[in-house]
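In what follows, every heavy atom counts, from backbone to side chain, and hydrogens, waters and symmetry copies are set aside. Predicted model, so just to flag it, every value in this text is computed and none were measured.
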Amino acid sequence: HGRVIGVDMTTQMLASARKNAVEMGVHAFVEFREGLIENIPVASETADLVISNCVINLSPDKPAVFQETFRILKPGGRLAVSDIVLSAPLPKDLAELAVSYVACLSGASTEDEYFKMIREAGFSDVKYTRKPVRSLFLDGCADPLLTKVVQMVGEERLKQIADTVWSYEVTASKS
């Protein structure tokens with residue numbers, strides 16, 4: 001008895017999502033809108049839940065992302081995020097590589113920065129779990145993008161920062 005609103009900035013991804021919704025038989029209660037995560041095309045206090053999967057670290061304005069998600073949530077609404085977060089900043093030479101950004105490394109915030117942005121947006125009851133992603137780029141990952149990072153940066157150099165890259169699952173509430 002609910003409704004789902006999906007938001008993406010690319011027409012190609014929206015077309016694919018709409019096609020998938022029809023094929024899955026859920027198109028009657030799923031809507032897709034073109035927009036940016038920093039300026040979500042959804043009315044204030046509309047959503048019960050906002051979900052994001054490995055997108056926020058790519059945003060150049062992460063505080064705006066958390067402010068927008070807070071704005072569109074109803075009181076009592078929840079935020080559920082999966083994202084790459086760092087326990088220490090990346091070395092500058094790695095952070096400046098385009099391939100590091102595309103691989104969701106150089107756009108990632110440190111844990112302190114990330115949770116500060118969430119709290120400053122107004123969220124409460126912030127909880128998280130995390131797991132290392134070391135094995136993704138050091139243990140023979142099949143992802144071609146991460147393989148490219150290993151080739152460009154070098155396995156030895158990645159080993160130096162491997163223990164600072166984490167996959168976080170975060171939940172928070174709008175009181």
Contact check, side chains of S16 and N20, non-hydrogen atoms, under 4.5 Å: yes
Determine whether L14 and V7 fall in the same hydrophobic cluster, where Ile, Leu, Val, Met, Phe, Trp and Tyr are linked whenever their side-chain heavy atoms lie under 4.5 Å apart. no
Under 3.5 Å donor-acceptor, K174 side chain and E45 backbone: no
Using atom types as modelled and distance alone, determine if a side-chain donor or acceptor of N57 lies under 3.5 Å from a backbone N or O of D83. no
Looking at T69 and V65, would you say the former's side chain and the latter's main chain have a donor-acceptor pair under 3.5 Å? yes
Minimum heavy-atom distance T164-I161, with the two atoms named: OG1-O, 2.6 Å
Electrostatic pair K62:E113 at N-O distance under 4.0 angstrom: no
Quiz question: by atom type and distance under 3.5 Å, do the side chains of T110 and D112 form a donor-acceptor pair? no
Decide yes or no for E111 and W166: does some side-chain heavy atom of the first lie under 4.5 Å from some side-chain heavy atom of the second? no
Whether R33 side chain and P41 backbone form a donor-acceptor pair below 3.5 Å: yes
For residues Y168 and F115, determine if any side-chain heavy atom of one lies less than 4.5 Å from a side-chain heavy atom of the other. yes
Mind telling me whether Y114 and F66 have parallel, tilted or perpendicular rings, with 30° and 60° as the class edges? perpendicular
Distance col, row R78:CZ vs F123:CZ, nearest 0.5 angstrom, shows 10.0 Å
Measuring only between side-chain heavy atoms, which start at C-beta, is L94 closer than 4.5 Å to S106? no
Heavy-atom side-chain contact between V22 and R18 under 4.5 Å: no
What about M9 and I56, same hydrophobic cluster or not, with Ile/Leu/Val/Met/Phe/Trp/Tyr joined at side-chain heavy-atom distances under 4.5 Å? no
Any M117 side-chain heavy atom under 4.5 Å of P63 side chain: yes
S173 side chain to S175 main-chain N or O, any donor-acceptor pair under 3.5 Å? no
Is it possible for you to say whether F32 and V26 belong to one hydrophobic cluster, with membership spreading through side-chain heavy-atom contacts below 4.5 Å? yes
Rounded to the nearest 0.5 angstrom, the CD-CD distance for E120 and Q67 is 8.5 Å
Same cluster for V133 and L105 if Ile/Leu/Val/Met/Phe/Trp/Tyr side chains link at under 4.5 Å? yes
Same apolar cluster: V170 and I72, side chain cutoff 4.5 Å: yes
For residues P91 and Q160, determine if any side-chain heavy atom of one lies less than 4.5 Å from a side-chain heavy atom of the other. no
The test is side chain to side chain contact (heavy atoms under 4.5 Å, CB included); show your working for R71 and S44 and say whether it passes. CA-CA 5 Å; R71 177 188 65 78; S44 297; 3.1 Å; yes
Yes or no on side chain to side chain contact (heavy atoms under 4.5 Å, CB included) for T171 and L79, after CA distance, side-chain angles and deciding distance? CA-CA 5 Å; T171 60; L79 172 68; over 6 Å; no
Apply the side chain to side chain contact (heavy atoms under 4.5 Å, CB included) test between E68 and each candidate in I40, I37, V42, V50; give the one that qualifies. I40
Might you point out which heavy atoms bring E38 and D61 nearest each other, and give the distance in Å? CG-O, 3.8 Å
Heavy-atom closest pair, residues I118 and A172: CG2-CB, 4.2 Å
